[in-house]
Amino acid sequence: MRQPCLRCAAIALCLLAGCHAAPTPQQKQAAALKLFHNDHVKRYELQASPVVTLPDGSLDASGIWIPELDDKAHQLVYPEQTRIECNRGEQNCLEMRVSFTAVGNDFVMVDGPEETLWPIKSWDKNSLVAGYGPLPMLTKLEEKCQSHVLSIVFASGTVTDSDIPTHGQGCEAMKETNTYRLASGWYEVDTSPHNDAVKDTAPK
């Protein structure tokens, strides 16, 4: 669903260094993070639950997706801010997501909102589980080679999204399960002269 742009990184490596030996997945990830990182895009995370329960029992969750391994090596190439609405009586949760696309420090572009419908699999007093995929008729690897599971635990206010590989034919590039948690917060673009007006809570 939100795989690091390894294809973009591979193209960038070819353009910058010439296409000789194929880069390793780690080299692709590092190249993508370096190429599409912008020092002015800063993460602001709050220590609060991202989930709000409405009087009719419906749920509203908003915040930013953060990798389960929250270190510099596992950051999303394109930071994402999202809102998820799960209404009682409906068959789906609706996610509306925007992403911040950057190339170095030259510019930042906000893409979206991109809508995703999450078919609800179960909803009881403790949790909600929704999911979809794989979708073999599509061409994007992250859609045809992965299933996606959204989980909301009510007592803790925990929201997670997992991309699970199918290990099918032609899906060798998708090997690991990637899990993200929804944190209360947002992204800001710091336009101050010295880039110091906004505190960045992302790992250094």
Side-chain angles (χ1 to χ4, degrees), residues 1-5 41-102 108 110-135 140 142-143 146-165 174 176-190 198-204:
M1 182 179 182
R2 49 183 57 81
Q3 292 296 315
C5 187
V41 179
K42 298 183 178 181
R43 183 176 102 187
Y44 188 78
E45 183 179 353
L46 299 172
Q47 299 302 314
S49 171
V51 181
V52 174
T53 303
L54 304 178
D56 66 352
S58 299
L59 299 175
D60 190 304
S62 60
I64 53 181
W65 287 116
I66 295 177
E68 185 176 44
L69 293 175
D70 188 19
D71 57 30
K72 187 175 181 179
H74 292 87
Q75 295 306 296
L76 290 173
V77 173
Y78 304 127
E80 295 177 349
Q81 190 165 322
T82 196
R83 180 176 180 181
I84 303 170
E85 298 176 347
C86 301
N87 296 319
R88 277 291 192 181
E90 299 290 336
Q91 297 181 337
N92 304 293
C93 292
L94 173 63
E95 180 180 7
M96 295 166 287
R97 184 173 66 250
V98 297
S99 58
F100 296 81
T101 304
V108 177
V110 180
D111 296 321
E114 178 183 346
E115 294 187 355
T116 300
L117 284 177
W118 291 88
I120 297 172
K121 307 299 184 183
S122 65
W123 189 337
D124 57 31
K125 65 179 182 179
N126 298 313
S127 64
L128 180 153
V129 177
Y132 69 93
L135 305 172
K140 295 175 66 175
E142 58 265 33
E143 299 299 349
Q146 292 179 322
S147 59
H148 309 280
V149 177
L150 175 71
S151 174
I152 303 176
V153 179
F154 305 144
S156 63
T158 302
V159 182
T160 58
D161 171 13
S162 296
D163 302 331
I164 305 169
M174 301 293 182
E176 298 181 357
T177 295
N178 296 301
T179 300
Y180 309 87
R181 66 178 177 89
L182 187 64
S184 182
W186 55 83
Y187 285 97
E188 296 184 17
V189 180
D190 190 343
V198 178
K199 181 181 178 181
D200 191 0
T201 61
K204 302 299 183 182

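Interatomic distance, CD of E95 versus CD1 of I84, reported as 4.5 Å (0.5 Å rounding). Expressed to the nearest 0.5 Å, how far OH of Y180 lies from CG of L69 amounts to 10.5 Å. Residue L150 holds its CG atom at 7.0 Å from OG1 of T160, rounded to the nearest 0.5 Å. From E80, atom CD reaches atom CD1 of I66 across 11.5 Å, with rounding to the nearest 0.5 Å.
Residues passing the side chain to side chain contact (heavy atoms under 4.5 Å, CB included) test with D124 are N126, S127, sequence neighbours excluded. Taking V110 as the reference, V98, F100 meet the side chain to side chain contact (heavy atoms under 4.5 Å, CB included) condition, with sequence neighbours excluded. For the side chain to side chain contact (heavy atoms under 4.5 Å, CB included) test, no residue two or more places apart in sequence or in another chain qualifies with Q91. For D60, the side-chain hydrogen bond (donor to acceptor under 3.5 Å, both in side chains) test picks out R83, with sequence neighbours left out. For the salt bridge (Lys or Arg N to Asp or Glu O under 4.0 Å) test, residues two or more places apart in sequence or in another chain that qualify with K140 are E142. Take N92 and apply the side chain to side chain contact (heavy atoms under 4.5 Å, CB included) test, not counting sequence neighbours, and it matches L117, P119. With sequence neighbours left out, the side-chain hydrogen bond (donor to acceptor under 3.5 Å, both in side chains) criterion links D71 to H74. For the salt bridge (Lys or Arg N to Asp or Glu O under 4.0 Å) test, residues two or more places apart in sequence or in another chain that qualify with E114 are R97. Here T179 pairs with S162 under the side-chain hydrogen bond (donor to acceptor under 3.5 Å, both in side chains) rule; sequence neighbours left out. For the side-chain hydrogen bond (donor to acceptor under 3.5 Å, both in side chains) test, no residue two or more places apart in sequence or in another chain qualifies with S184.
A 4.5 Å side-chain heavy-atom check between V159 and W65 finds at least one atom pair inside the cut-off. The shortest side-chain heavy-atom distance between S62 and T82 does not fall under the 4.5 Å cut-off. Side-chain contact between D111 and Y78 is absent, with no heavy atoms from C-beta onward closer than 4.5 Å. Side-chain contact between W118 and L128 is absent, with no heavy-atom pair separated by less than 4.5 Å.
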Quiz: residues 43-57 side-chain donor-acceptor pairs under 3.5 angstrom, not counting sequence neighbours:
from : atom 1 : to   : atom 2 : distance (Å)
R43  : NH1    : D70  : OD1    : 3.3
R43  : NH2    : E45  : OE1    : 3.4
R43  : NH2    : D70  : OD2    : 3.0
R43  : NH2    : T201 : O      : 3.3
E45  : OE2    : R181 : NH1    : 3.2
E45  : OE2    : R181 : NH2    : 3.1
S49  : OG     : V51  : N      : 3.2
S49  : OG     : G157 : O      : 3.4
D56  : OD1    : S58  : N      : 2.9
D56  : OD1    : S58  : OG     : 3.1
D56  : OD2    : S58  : OG     : 3.2

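When all heavy atoms are compared, the tightest approach of I164 to V149 is CD1-CG2, 3.9 Å. Scanning both residues, P165 and E176, for their nearest heavy atoms gives CD-O, 3.6 Å.
A side-chain hydrogen bond (donor to acceptor under 3.5 Å, both in side chains) with H148 is found for exactly one of D161, T116, D163, namely D163.
Within the structure, every pair that satisfies the disulfide bond (SG atoms under 2.5 Å apart) test and touches residues 52-100, not counting sequence neighbours, is listed here: C86-C93.
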